[in-house]
Amino acid sequence: GVIASAHDLVKVYGVGPTAVRALDGVDVDLVRGELTAIMGPSGSGKSTLMHCLAGLDRPTSGTVVVDGQTVSSMSERRLTALRRTRVGFVFQAYNLVPTLTALENITLPLDIARRPVDRAHLDLVVGTLGLTDRLGHKPAELSGGQQQRVACARALVARPAVVFADEPTGNLDSTSAAEVLGFLRGSVDDLGQSVVMVTHDPTSAGYAHRVLFLADGRVVGELRDPTAETVL
Ligand code: ADP
Ligand code: ADP
């Protein structure tokens, strides 16, 4: 099935002669239970596409449907609710709360939403991300790769329909990056999570089930079961 889709998506920043057409008619279907990578050169519209799919940014025209809901025409209130409950985010800079332990960071979205922690699901997520013996550590006591895996666990813990990751390994050395991507792929293969990852790194894209290539605000190609070599 399709977990998120965009139809004839256009995003224009600004008006008049200086306006930038960041997305120029994008059609994509993202498959449930897959890790999809979005690749393309700087300025090709990757972040804009992800932000429109995630309900962080409104398209100029076109339709976005996530988990059966039409995001592109939602009120701000419903968008906020969608972002809280149906969508998870992983950022390049981890964005962990430094004063909280790994476990407290992971359960923070549930605490904010005043939802109970499903202990069995938490254990599954934490185990899948290889964090079982790191839960009591504060972010400063964890390696970069471990911090990003905590951020992944935090994105996954509320069972979102889809997790969006924006250059999740951008701050990591290649060893830690491989770890994070391996665990992220594991969350897809073992937990059935749907993940969309923006990256400009062919090695990262090699972990995906499918890669979409953007150029000048359009989808210009795709590849199934890519490897770092075939993506190049
Ligand atoms: P990518 O993520 O592939 O680097 P972006 O989606 O960030 O590409 O940007 C696509 C185009 O839109 C670029 O030309 C960029 O300069 C422009 N752009 C992105 N965000 C804004 C903004 N907030 N205001 C004006 N132009 C923007
Ligand atoms: P990596 O091998 O990914 O670069 P590090 O060398 O940063 O990881 O850390 C190795 C181990 O030491 C990790 O398991 C981490 O939990 C622990 N560690 C790193 N920094 C600290 C710290 N400041 N205090 C306590 N433990 C730490």
Side-chain angles (χ1 to χ4, degrees), residues 3-31 34-66 70-76 79-80 82-83 87-95 144 148 151-152 155 160 162-172 174 177 180-181 184 194-224 226 228 230-232:
I3 191 64
S5 64
H7 179 63
D8 203 11
L9 203 61
V10 172
K11 176 69 182 182
V12 180
Y13 290 109
V15 287
T18 58
V20 174
R21 212 171 170 81
L23 297 178
D24 189 21
V26 168
D27 288 285
V28 288
D29 281 328
L30 304 174
V31 181
E34 284 194 348
L35 173 55
T36 306
I38 300 174
M39 281 196 86
S42 181
S44 58
K46 303 184 295 295
S47 300
T48 302
L49 175 58
M50 198 180 87
H51 289 165
C52 287
L53 287 169
L56 295 170
D57 204 352
R58 282 189 186 279
T60 304
S61 63
T63 328
V64 174
V65 177
V66 174
T70 307
V71 171
S72 40
S73 62
M74 259 184 200
S75 66
E76 279 308 320
L79 267 185
T80 304
L82 178 100
R83 286 195 296 261
V87 174
F89 296 99
V90 176
F91 306 95
Q92 184 171 337
Y94 326 137
N95 294 9
Q148 191 60 305
C152 291
V162 54
V163 169
F164 293 97
D166 196 352
E167 299 277 7
T169 59
N171 281 345
L172 299 175
S174 58
V180 168
L181 291 163
L184 203 55
S194 307
V195 179
V196 181
M197 164 175 81
V198 165
T199 182
H200 63 259
D201 171 35
T203 307
S204 302
Y207 284 81
H209 292 93
R210 179 180 175 222
V211 184
L212 299 172
F213 297 93
L214 283 194
D216 297 326
R218 290 169 180 268
V219 178
V220 294
E222 74 164 273
L223 205 56
R224 237 184 204 286
T230 58
V231 167
L232 271 173

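Just so you know, these numbers come straight off a predicted model, no measurement behind them. Start at 1 and go down the list; that is how both ligands and their atoms are numbered. Numbers for residues simply follow the sequence, beginning at 1.
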Inset, instruction - Could you pull out every protein residue that has a heavy atom closer than 4.0 Å to ligand 1, ordered by chain and then number? - result: Tyr13, Val20, Ala22, Pro41, Ser42, Gly43, Ser44, Gly45, Lys46, Ser47, Thr48
Legend entry - Residue pair Leu214 / Val220: nearest heavy atoms and the distance that separates them: C-CG2, 4.2 Å
Legend entry - Asp216, CG: over 12 other non-hydrogen atoms inside 6.0 angstrom: no
Inset, instruction - Give a yes-or-no answer on whether the side chains of Tyr13 and Thr60 include a donor-acceptor pair shorter than 3.5 Å. - result: no
Inset, instruction - Tell me, yes or no, whether the heavy-atom count around His51 atom NE2, taken from other residues, nucleotides or ligands under 6.0 Å, exceeds 12. - result: yes
Legend entry - Asp29 versus Arg210, closest heavy-atom pair with distance: O-NH1, 2.6 Å
Legend entry - Least distance between heavy atoms, Ser194 atom then Val31 atom: OG-O, 4.4 Å
